[in-house]
Enquirer: 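My structure is below; once you've seen it, I'll send some questions.
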Amino acid sequence: KKVKKILLTIFGSILGVLILVYAGLAIFFNSHFMFNTTVNGNDYSLKSVKDVEADMESQVQGYTLTLKEADGDTEVINGAGISLEYVQTDEISKLVSSQKKFLWPMSLWNKQELETKVAVQYNEMVLENDLKNLPCMDPENQVESKNAKPEFNGTQYEITEEIIGTQIDEAKFIEAVKAAVEGFQYELVLGDTDCYKLPKYVSTSEEVIAACEKMNLYASAEIKYDFHPDTVVVDAKQISEWLRVNENMGVRFNSDKMKEYLAELGKKYDTWGKQREFKAANGNTVTVSGGAYGWLLNEKEEYKELKKDIKSGKKVEREPVFYSYAKAVEHTNTDWGNTYAEVDLTNQRMYFIKDGQIVLESPVVTGKPSTGCATPQGVYSLTYKTRDAVLRGERDENGEPEYETPVAYWMPFNGGIGLHDADWRGSFGGTIYKYSGSHGCINLPYKNAKNKYKLFKLFF
């Protein structure tokens with residue numbers, strides 16, 4: 001019993017001492033940080049509030065903030081240069097009070113990492129001015145960020161990588177530095193902030209991938225224009241010159257370039273109203289200009305069709321869209337083909353050439369030049385043809401036509417001017433047109449007008 005009593009006394013004493021130590025340390029941690037405690041990365045284990053504040057104040061006096069830039073350069077902000085001062089607050093006391101003091105034994109093996117805002121004051125205007133004058137803020141030292149985007153590699157579109165530049169958003173940069181200073185940070189990695197003006201789209205952006213796929217669809221189209229005997233091909237290389245993406249990765253056509261292309265196409269293949277050379281029936285090579293015959297590309301409508309064909313991504317072979325009134329027989333210099341009519345105004349002769357051979361020749365009487373009624377030169381299509389027409393001249397002041405002339409065969413080609421029989425004439429050809437010419441029409445003997453009635457194309 002005596003030994004047991006002694007043991008209980010010893011055990012009680014030890015327990016009492018432990019309780020006193022436990023309670024004492026719990027009270028101690030009312031004003032001190034526990035074991036294994038860091039604040040803002042600094043080891044303040046067992047330090048009092050006063051000790052920590054004194055240490056922070058000393059740190060503020062020699063404070064510097066290093067700015068690490070994306071290109072590897074660094075800039076240093078000195079606290080003294082911006083009049084940085086420590087401001088005592090109750091933040092440290094709050095941190096100490098927030099500790100679970102009665103669980104202090106756990107701090108012996110569990111590390112406690114605390115963060116707090118170090119209260120400082122500084123000259124914001126000086127800081128902002130210093131930041132604006134840093135070398136990294138000089139536009140000449142900045143590299144512009146560029147979006148990833150589809151680019152044509154010669155055969156198809158592929159996505160080019162984005163460029164991460166060093167352009168800085170001034171407002172965000174200043175705010176980030178202020179937050180670092182007020183947080184009493186010693187280092188600020190600008191790449192970890194949103195200070196840089198980053199590209200909106202990167203190579204993995206859905207919008208970039210979708211744009212690339214669409215552009216490849218368009219580039220897979222092939223339009224073969226039939227300008228017999230020529231063939232003009234609009235392929236991927238040509239199409240790539242007309243495609244672009246806007247700031248939102250929308251695929252757009254460069255309408256100006258497309259229209260320029262069609263204008264050049266028209267310039268090369270249009271024959272409407274152009275000067276022409278041809279070998280006349282008498283063997284001479286003559287030049288004629290004017291008229292309303294030939295090819296004339298309808299650039300506005302062809303632009304729509306071309307755009308539609310490209311969007312389809314299909315291979316198409318077709319004739320371009322020409323104006324309905326401006327189509328010829330073939331796409332050669334002599335686009336009227338080898339069946340046509342020729343009127344020799346100088347020699348007052350008309351020829352009908354079929355399949356390259358003269359099958360009809362006739363004297364004619366054309367318009368009287370001295371009265372301003374000369375038959376117009378040029379290349380024309382037959383407007384229409386009809387039997388038993390009545391030709392009427394302009395109306396006088398009484399509303400009566402200057403003349404009313406019935407004809408058996410009427411073949412107009414230029415408004416009220418055409419070919420027709422003229423059975424009132426006793427002779428044709430020679431110089432009759434000079435003193436007794438028509439109002440512009442081409443007068444033919446009845447028999448020849450009848451044979452001529454099936455004429456399709458006219459050449460003057």
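Heavy atoms only: backbone and side chains are in, while hydrogens, waters and symmetry mates are out. Keep in mind that what you see is a predicted model, and the values were worked out from it rather than measured.
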Enquirer: Do K354 and N338 get their side chains close enough for a donor-acceptor pair, meaning under 3.5 Å?
Expert: no
Enquirer: Do D138 and Q142 meet the criterion of a side-chain donor-acceptor pair at a distance under 3.5 Å?
Expert: no
Enquirer: What about F322 and H331, are their ring centers closer than 6.0 Å?
Expert: yes
Enquirer: CG/L25 to CG/N30 distance, rounded to the nearest 0.5 angstrom?
Expert: 11.5 Å
Enquirer: Please list, chain by chain and in numerical order, all residues satisfying side chain to side chain donor-acceptor pair (under 3.5 Å) with S45, sequence neighbours excluded.
Expert: D43
Enquirer: Side chains of D230 and Y269: is there a donor and an acceptor less than 3.5 Å apart?
Expert: yes
Enquirer: One pair to check against side-chain contact (heavy atoms from CB on, under 4.5 Å): I353 and T339. What are the steps and the verdict?
Expert: CA-CA 5 Å; I353 293 88; T339 298; over 6 Å; no
Enquirer: State, yes or no, whether a side-chain contact exists between N254 and L243 at a heavy-atom distance under 4.5 Å.
Expert: no
Enquirer: Once rounded to the nearest 0.5 Å, what's the spacing between atom CG of N141 and atom OG1 of T166?
Expert: 8.0 Å
Enquirer: Between atom OH of Y157 and atom CG of N216, what is the distance when rounded to the nearest 0.5 Å?
Expert: 8.0 Å
Enquirer: Considering only residues two or more places apart or on different chains, which pairs with a residue in residues 50-80 satisfy ring pair (Phe, Tyr, Trp, His ring centres under 6.0 Å)?
Expert: Y63-F184, Y63-Y186
Enquirer: Are F33 and F28, when compared by the centres of their aromatic rings, separated by less than 6.0 Å?
Expert: no
Enquirer: How many angstroms lie between CE in M125 and OG in S83, if you round to the nearest 0.5 Å?
Expert: 12.5 Å
Enquirer: Considering the options V288, T375, V364, which one meets the side chain to side chain contact (heavy atoms under 4.5 Å, CB included) requirement together with L345?
Expert: T375
Enquirer: Does V126 offer a backbone N or O that forms a donor-acceptor pair with the side chain of N123 under 3.5 Å?
Expert: yes
Enquirer: Is K257 paired with E241 through a side-chain N to carboxylate O contact shorter than 4.0 Å?
Expert: no
Enquirer: Check side chain to side chain donor-acceptor pair (under 3.5 Å) between K178 and all other residues, then give those that pass, not counting sequence neighbours.
Expert: E124, E128
Enquirer: Give the intermediate values and the outcome of side-chain contact (heavy atoms from CB on, under 4.5 Å) for residues K132 and E170.
Expert: CA-CA 8 Å; K132 290 177 182 179; E170 183 178 290; 3.3 Å; yes
Enquirer: Donor-acceptor pair, N36 side chain versus L108 backbone, under 3.5 Å?
Expert: yes
Enquirer: Check side chain to side chain donor-acceptor pair (under 3.5 Å) between T193 and all other residues, then give those that pass, not counting sequence neighbours.
Expert: none
Enquirer: Taking the six-membered ring where the residue is Trp, are the ring centres of Y380 and W336 under 6.0 Å apart?
Expert: no
Enquirer: Checking Y261 now: which residues fulfil ring-ring contact (aromatic ring centres under 6.0 Å, His included) with it, not counting sequence neighbours?
Expert: W242
Enquirer: Scan for salt bridge (Lys or Arg N to Asp or Glu O under 4.0 Å) pairs involving residues 213-228, sequence neighbours excluded, and state none if there are none.
Expert: none
Enquirer: Give the C-alpha distance, both sets of side-chain angles, the deciding distance and a yes or no for side-chain hydrogen bond (donor to acceptor under 3.5 Å, both in side chains) between Y44 and D55.
Expert: CA-CA 10 Å; Y44 287 134; D55 184 64; 2.4 Å; yes
Enquirer: Does any non-hydrogen side-chain atom of M56 lie less than 4.5 Å from one of I92?
Expert: yes
Enquirer: Counting N and O atoms only, with roles assigned by atom type, does the side chain of N147 sit under 3.5 Å from a partner on the main chain of Y201, one being a donor and the other an acceptor?
Expert: yes
Enquirer: For E144, enumerate each residue passing the side-chain contact (heavy atoms from CB on, under 4.5 Å) test, keeping only those at least two apart in sequence or located in another chain.
Expert: Q167
Enquirer: List for me each residue that meets ring-ring contact (aromatic ring centres under 6.0 Å, His included) alongside F253, sequence neighbours excluded, and say none if there are none.
Expert: Y218
Enquirer: Indicate the ring-plane relationship of Y325 and W272, choosing parallel, tilted or perpendicular according to the 30° and 60° boundaries.
Expert: perpendicular
Enquirer: Please determine whether side-chain hydrogen bond (donor to acceptor under 3.5 Å, both in side chains) holds for the pair T332 and D335, giving the CA-CA distance in whole Å, both sets of side-chain angles, and the decisive distance to 0.1 Å.
Expert: CA-CA 5 Å; T332 60; D335 58 0; over 6 Å; no
Enquirer: My understanding is that only one of K47, Q112, K111, E113 makes a side-chain hydrogen bond (donor to acceptor under 3.5 Å, both in side chains) with T37; could you say which?
Expert: Q112
Enquirer: Which pairs pass salt bridge (Lys or Arg N to Asp or Glu O under 4.0 Å) with one or both residues in residues 70-98, sequence neighbours excluded?
Expert: D90-K94
Enquirer: Determine whether L127 and V177 make a side-chain contact, defined as any pair of heavy atoms from C-beta on separated by less than 4.5 Å.
Expert: yes
Enquirer: Would you confirm whether Y196, through its side chain, and A70, through its main-chain N or O, come within 3.5 Å as a donor-acceptor pair?
Expert: yes
Enquirer: If only atom types and distance count, is the side chain of N414 paired as donor or acceptor with the main-chain N or O of I417 below 3.5 Å?
Expert: no
Enquirer: Check for a donor-acceptor pair, side chain of E342 on one end and backbone N or O of A281 on the other, with a separation under 3.5 Å.
Expert: yes
Enquirer: Decide yes or no on salt bridge (charged side-chain N to carboxylate O under 4.0 Å, His left out) for K68 and E187, but give the supporting numbers first.
Expert: CA-CA 7 Å; K68 290 192 172 182; E187 182 178 275; 3.1 Å; yes
Enquirer: Quick check: do N153 and T155 have side-chain heavy atoms less than 4.5 Å from each other?
Expert: yes
Enquirer: Test side-chain contact (heavy atoms from CB on, under 4.5 Å) on I82 and D130; report intermediate values, then the result.
Expert: CA-CA 9 Å; I82 58 174; D130 288 349; 4.0 Å; yes
Enquirer: Please check this pair: side chain of T271 against backbone of G294, looking for a donor-acceptor N/O pair closer than 3.5 Å.
Expert: no
Enquirer: Is the positively charged end of K259 above the ring of Y303, judged by distance under 6.0 angstrom from the centroid and angle within 45° of the axis?
Expert: yes
Enquirer: Hey, is the main chain of N110 close enough, under 3.5 Å, to the side chain of S107 for a donor-acceptor pair?
Expert: no
Enquirer: With the side chain counted from C-beta on, respond yes when F278 and T285 share a heavy-atom pair under 4.5 Å apart, and no when they do not.
Expert: no
Enquirer: Mind checking side chain to side chain donor-acceptor pair (under 3.5 Å) for E161 and listing every partner two or more places apart, or none if nothing turns up?
Expert: S203
Enquirer: When rounded to the nearest 0.5 angstrom, what distance separates OG1 in T386 from CH2 in W410?
Expert: 10.5 Å
Enquirer: Measuring only between side-chain heavy atoms, which start at C-beta, is N246 closer than 4.5 Å to R252?
Expert: yes
Enquirer: How long is the gap from CH2 on W104 to CE on M34, to the nearest 0.5 Å?
Expert: 10.5 Å
Enquirer: Is there side-chain contact between V120 and V87, with heavy atoms separated by less than 4.5 Å?
Expert: no
Enquirer: Would you please name every residue forming a salt bridge (Lys or Arg N to Asp or Glu O under 4.0 Å) with E57, sequence neighbours left out?
Expert: none
Enquirer: Does any pair with a residue in residues 288-315 pass salt bridge (Lys or Arg N to Asp or Glu O under 4.0 Å), and if so which ones, sequence neighbours excluded?
Expert: E301-K304, E302-R318, E305-K308, D309-R318
Enquirer: Is there side-chain contact between L419 and C441, with at least one heavy-atom pair below 4.5 Å?
Expert: no
Enquirer: Does the side chain of E182 pick up a donor-acceptor pair with the side chain of Y122 at under 3.5 Å?
Expert: yes
